[in-house]
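Structure provided below as structure tokens; questions to follow.
Each chain gets a letter, A, B and so on, in the order its sequence line appears, and its residues count up from 1.
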There are 2 protein chains.
Amino acid sequence: MAAREPFLGLLRDLARAYQAFENYSGVHIRQMGLTSPQFDVLVTLGNTPGMTMNVLAKKTLVTKGTLTGIVDRLEQKGLVRREVPPENRRCFKIVLTEAGEKLFEDIFPVHIAYLKERFQKLDPSEIAQIQTALQRLHSVF
Amino acid sequence: MAAREPFLGLLRDLARAYQAFENYSGVHIRQMGLTSPQFDVLVTLGNTPGMTMNVLAKKTLVTKGTLTGIVDRLEQKGLVRREVPPENRRCFKIVLTEAGEKLFEDIFPVHIAYLKERFQKLDPSEIAQIQTALQRLHSVF
DNA sequence: TATTGTTATACTCTATAACTATA
DNA sequence: TATAGTTATAGAGTATAACAATA
């Protein structure tokens, strides 16, 4: 019977663990005036020379149409800009502005510290173990 | 330095594993004419005598305001109904309609089979291991 | 007064597909 | 023709807070 499939418990645990994290993390991110996808984009661009929409979409796992909107809103906030390289004018680079870099440098460590409050309950071997499990899970998709 | 925090890799893996699952699962759910939150509510109500908004919100981890909208849409589709018990008229029960139960019985096993295609790559001991890891992760929040 | 649930507001994200411009 | 990205459409979920009704 379906209800006895052993992976159903796993799915529930995956959803709960992710939602618990997303909830904890998201509260903090919204306090900083960003949404989770916006924060994800900001962090992905941090400490890089910028990247195309294509690459950014793949890294953040959102579709290109959705990413356009997210980048639009970050641009309105003055945190990123679109740079058109002369050699290929159909793919441009998304780059953090100075304000974007400053925000990244300001809030990223703070957010890490905020998360660390919880994660320090795990010792390094536990972290490694959980990480291995997640990678194994990811690998089936 | 922040970037060397060991739990950052874990977070990335958690997000990627969840998103990979959500993507795989979500495609199928949308093909059935539902959204993920709607499916979650439907499955939570399946094989139960129904429950209050309060309980349902806690089980599905959405806020009560959001749940009202989700239940509204399921009600419009004729899949659930709100039952007002005479003894306490401020908290009512959300119950699957006949159509809702039928849909649940029809699509739940199909969805399970769809997921099983991927999960059968994991043997039971691996599933148990991953589940333990996820529960440990959940426990820190 | 406290609790349950709805409503109002305003926005963000999402999927999907058609479209434009460049290559 | 293929690729990169935008735009259009339409809907769903979200946070937040004020609100109504019941207890």
Spacing of B:Leu67 atom CG relative to D:dA12 atom C1', expressed in whole Å
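Going from CG in B:Leu67 over to C1' in D:dA12 covers 14 Å.
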In whole angstrom, what separates B:Phe92's CZ from D:dA21's C1'?
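In whole Å, D:dA21 C1' and B:Phe92 CZ are 11 Å from each other.
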Could you tell me the separation between the CD1 atom of B:Ile29 and the C1' atom of C:dA15, rounded to a whole number of Å?
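Nearest whole value for this atom pair: 15 Å.
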Heavy-atom neighbours of A:Glu83 CD exceed 12 at 6.0 Å:
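Yes, the 6.0 Å shell around CD holds more than 12 heavy atoms from other groups.
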Is any side-chain N or O of B:Thr63 closer than 4.0 Å to OP1 or OP2 of D:dA15?
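Yes.
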Could you state the CZ-C1' distance from A:Phe39 to C:dC13, rounded to the nearest angstrom?
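In whole Å, C:dC13 C1' and A:Phe39 CZ are 18 Å from each other.
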Residue mapping more 5' on DNA chain D - nearest nucleotide basis, A:Arg30 or A:Thr52
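The residue closer to the strand's 5' end, by nearest nucleotide, is A:Thr52.
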Send over the distance from A:Arg73 CZ to C:dT14 C1', rounded to a whole Å.
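That distance rounds to 11 Å.
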What is the distance, to the nearest angstrom, from the CD atom on A:Glu75 to the C1' atom on D:dT6?
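After rounding, the gap between these two atoms is 13 Å.
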Looking only at side-chain N and O atoms, does B:Arg82 come under 4.0 Å of OP1 or OP2 in C:dG5?
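No, because none of the side-chain N or O atoms of B:Arg82 sits under 4.0 Å from OP1 or OP2 of C:dG5.
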I want to verify a distance call: between C:dT6, C:dC13, D:dA4, whose nearest atom is closest to the A:Asn54 side chain?
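Within the option list, the nearest is D:dA4.
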Please state how far atom CD in A:Gln76 lies from atom C1' in C:dA10, giving the value in whole angstrom units.
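After rounding, the reported distance stands at 15 Å.
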If the plane angle is over 60° it's perpendicular, under 30° parallel, otherwise tilted; pick one for A:Phe141 and B:Phe119.
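Because their plane-to-plane angle is over 60°, the rings of A:Phe141 and B:Phe119 count as perpendicular.
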If you count every heavy atom of other residues, nucleotides or ligands that lies below 6.0 Å from B:Lys58 atom NZ, does the total exceed 12?
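Open: at most 12 neighbouring heavy atoms sit under 6.0 Å from NZ of B:Lys58.
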Under 4.0 Å, counting only non-hydrogen atoms across every strand here, what does B:Gln31 touch: a base, just sugar-phosphate, or nothing?
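Touches nothing.
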When you match B:Thr66 and A:Cys91 each to their closest nucleotide on DNA chain D, which lands nearer the 5' end?
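First, find each residue's nearest nucleotide; the 5'-ward one identifies A:Cys91.
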Polar side-chain contact B:Arg90-C:dT3 base: donor and acceptor under 3.5 Å
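Yes.
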Which whole-number value in Å describes the distance from A:Asp72 CG to C:dT12 P?
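Value for this atom pair: 11 Å.
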Given D:dA12, C:dT6, D:dG5, the nucleotide with the shortest approach to the side chain of A:Met53:
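That would be D:dG5.
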Would you say B:Asn88 places a side-chain N or O within less than 4.0 Å of OP1 or OP2 belonging to D:dA23?
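Indeed, a polar side-chain atom of B:Asn88 lies that close.
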Which part of the nucleic acid, if any, lies within contact of A:Glu22, taking any heavy atom under 4.0 Å across all strands shown: a base, the sugar-phosphate backbone alone, or nothing?
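It contacts nothing in the nucleic acid.
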B:Lys59 NZ: over 12 foreign heavy atoms closer than 6.0 Å:
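No - once you tally the heavy atoms of other residues, nucleotides and ligands closer than 6.0 Å, there are 12 at most.
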If you draw a 6.0 Å radius around CD in A:Glu98, do more than 12 non-hydrogen atoms from other residues or ligands fall strictly inside?
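Counting neighbours around CD of A:Glu98, 12 or fewer heavy atoms of other residues, nucleotides or ligands fall under 6.0 Å, so no.
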Report yes if a side-chain nitrogen or oxygen of A:Thr35 is closer than 4.0 Å to either non-bridging phosphate oxygen (OP1 or OP2) of C:dC13; otherwise report no.
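For C:dC13, OP1 or OP2 has a side-chain N or O of A:Thr35 closer than 4.0 Å.
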